[in-house]
Amino acid sequence: MNTFTKNIYLFWQGTILSYRALFAWLRPVTYMASKILMPLAQMFFFVFLGSYATDGTATDFYVIGNAIQITAVSGIFGVTFSVGGDRDAGTLPYLFGTPANRFMIFFGRAFMHVIDGTIGVIIALTWGVLLMGLDLSRTDLPALGLTIIITTFSTCGLGLLMGCLSLLTANVMFVNNFVYFSLLIFSGANVAISTLPVWMQVVSNVLPLTRGIAASRMLVAGGSLSDVFPLMVSEIGIGLMYGLLGYFLFAWFETQAKQRGTLETV
Amino acid sequence: MNYSNLFKYWRTVLTVAEMSLRTQFSEGFVIFAIIFQPMIIAILAMFMLKDKGGDYAMFVVVGSGLTGLWSSLLFVSGNSINVERWTGTLESLVGMPTPFEVIVFGKNLANVVQSLLSMVSSYTLAAVLFGYSLTLTQPLLFFITLFISMFAFICFGLTIAPIFIMYRSVQQWENAMEFPVYIICGFLFPIALLPEWTTPISYLLPPYWAATALHGTSTAMMPLNQVLFSWAMMIIFSLVDLVIASQLFKIMLYKARVDATLDVD
């Protein structure tokens, strides 16, 4: 088997096993409660709040924003736990003891969550259409699908970085929740970014989701793929930036942990 | 479950509450749930509701505070017995002479008191960061309502905790129970926006009556008879909760002492 094939095999094995390890202990009902009902309830809360704020004139704005934001459940929580899970399960020393390609191991942790997150957004949009009257009649659906996948990918990039931070801190739940909820403000899911203070707009622009949500709104309003293409390229760039930052942090963490013998001391 | 024990063992209640507070303030998730999450929700709501006019800032402070109160009740009080199982101290607590309900009551008291911080943090945020001048329209009635609401939340927590430990199938829905209560109880928008069939569900939940009375006495001149009605509903639900909790504790202690299945998942 040549190196390329071995690495692909490693990527796939890591992808499947880390995902199964994360959810195998759960019963389907727990998965449903955490990954389907909780995000939907959150979406409905902000949609109702938004409808109340605008007297029902901008419901679509909130449905689209919050449906796309649901990808952060997989992108932030799922990916972080997949990366950090190795320390919790005590498998980190074995992982760092292998000669396996770190790049493949690391990015393999996020792959299933891109699929999982995409499905979550599609479910949310479906509920938006059925219960909230979201009109997709003018929408380029393949372009919207591509936008959702790219947005989920970029959010998983941030998740990979957060996963590495979870190897350095004991307060994983605090950090994850803080980032997840902050995205509700900064991503433009619930507040038009142009109405935020300037410093908040600057933060919004370096986060994943922001462009994905904006692009989705444009597509639902009748825009075409070429209209949102620049936003999508930026979104991919942001996802790659966070993913690579996470990878370098992961590599640094491994070096430091091996040199200092501090692999599981946090 | 003998509620006179709460008076007989009042010092134990306070000691348990103190210990709980000390322990929980070192937990990142608890700090997030009672301080940061309500603040983020408050920031969002302030941006979203700013064109509503009137006393929306105080409305947001109270509403986001209630979200912290409910999240704390659900995740911290709901797991106040479970956490003893996770740390391996449940059998010792059940086996010692101090009544178990006294300990759980003390823990819930601490949880509800500390979750009032969510209202304080939202108030500070609105006053300091957003520069609002916040005043309560009926301060005396507001603080009495707050006291009754705390009691109602503690009693509600007493029913949730034994359910979560005995019926894992219910506890599995915990993550999905947070936002629906924000919606159905009208913490940040009126329940009139919701489909009509949800209204009876709202009426059956003590947090709805707490939200109604707290909003009514903080941002509007709620007529006294309506305030009294909300208080009465909270007290009635609290008494019902205490009766239900009493039965649940009996079943739980039976399982602990006779079936020996308390620590078995």
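All chains are named by letter (A, B, ...) in the order of the sequence lines, taking the proteins before the strands, and each is independently numbered beginning at 1. FYI, side chains are in, hydrogens and waters are out, and symmetry mates aren't considered; it's all heavy atoms of this structure.
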Looking at B/Tyr182, B/Phe189, B/Phe29, which makes the most heavy-atom pairs under 4.5 Å with chain A? B/Phe189

Between the side chain of A/Arg211 and the main-chain N/O of A/Thr151, is any donor-acceptor distance below 3.5 Å? no

Would you say A/Tyr180 and A/Val73 make side-chain contact, with heavy atoms under 4.5 Å? yes

Could you check whether any side-chain heavy atom of A/Asn177 comes within less than 4.5 Å of a side-chain heavy atom of B/Phe36, counting everything from C-beta outward? no

Chain A shares the most heavy-atom pairs under 4.5 Å, among B/Ile183, B/Ile43, B/Ile41, B/Val30, with B/Ile183

Using the side chain to side chain donor-acceptor pair (under 3.5 Å) rule, take A/Ser166 and A/Thr80 through it: C-alpha gap first, then chi angles, then the decisive distance, then the call. CA-CA 7 Å; A/Ser166 78; A/Thr80 302; over 6 Å; no

What part of A/Phe44 lies closer than 4.5 angstrom to a heavy atom of chain B: side chain, backbone, both or neither? both

Counting heavy-atom pairs under 4.5 Å to chain B, which of A/Asp55, A/Leu49, A/Asn190, A/Asn176 comes out on top? A/Leu49

Under 4.5 Å from any heavy atom of chain A, what part of B/Leu188 do you find: side chain, backbone, both or neither? both

Can you confirm whether B/Ser230 sits close enough to B/Met222 that some side-chain heavy atom of one is under 4.5 Å from a side-chain heavy atom of the other? yes

A/Thr210 and A/Leu183, any side-chain heavy atoms less than 4.5 Å apart: no

Name the region of A/Thr54, side chain, backbone, both or neither, that has any atom closer than 4.5 Å to a heavy atom of chain B. neither

Could you check which of A/Met173, A/Met38, A/Met43 has the highest count of heavy-atom pairs closer than 4.5 Å to chain B? A/Met38

Return the option, out of A/Gly50, A/Pro39, A/Ala41, with the maximum number of heavy-atom pairs under 4.5 Å with chain B. A/Ala41

If you tally heavy-atom pairs under 4.5 Å between each of A/Leu37, A/Leu40, A/Ile36 and chain B, the highest tally belongs to A/Leu37

Using a heavy-atom cutoff of under 4.5 Å, enumerate the residues of residues 193-203 of chain A that contact chain B, numbered in order, or state 'none'. A/Thr195, A/Leu196, A/Pro197, A/Met200

Are the side chains of B/Cys185 and B/Leu66 in contact, using a 4.5 Å heavy-atom criterion? no

Working to the nearest 0.5 Å, report the span between CG of B/Leu146 and OG1 of B/Thr217. 9.0 Å

Examine whether an atom of B/Glu174 lies under 4.5 Å from a heavy atom of chain A, and if so say whether it belongs to the side chain, the backbone or both; otherwise answer neither. neither

Could you check whether any side-chain heavy atom of B/Tyr208 comes within less than 4.5 Å of a side-chain heavy atom of B/Thr199, counting everything from C-beta outward? no

Please examine the side chains of B/Val76 and B/Glu27, heavy atoms only from C-beta on, and report whether any two atoms are closer than 4.5 Å. no

Quick check: does any side chain N or O of B/Ser77 sit under 3.5 Å from a backbone N or O of B/Leu74, one acting as donor and the other as acceptor? no

Among B/Ala45, B/Pro180, B/Pro190, which residue has the highest count of heavy-atom pairs closer than 4.5 Å to chain A? B/Pro190

Within-4.5 Å side-chain heavy-atom neighbours: B/Ile184 and B/Ile191: no

From the list B/Ala33, B/Pro195, B/Gly28, the residue making the most non-hydrogen contacts under 4.5 Å with chain A is B/Gly28

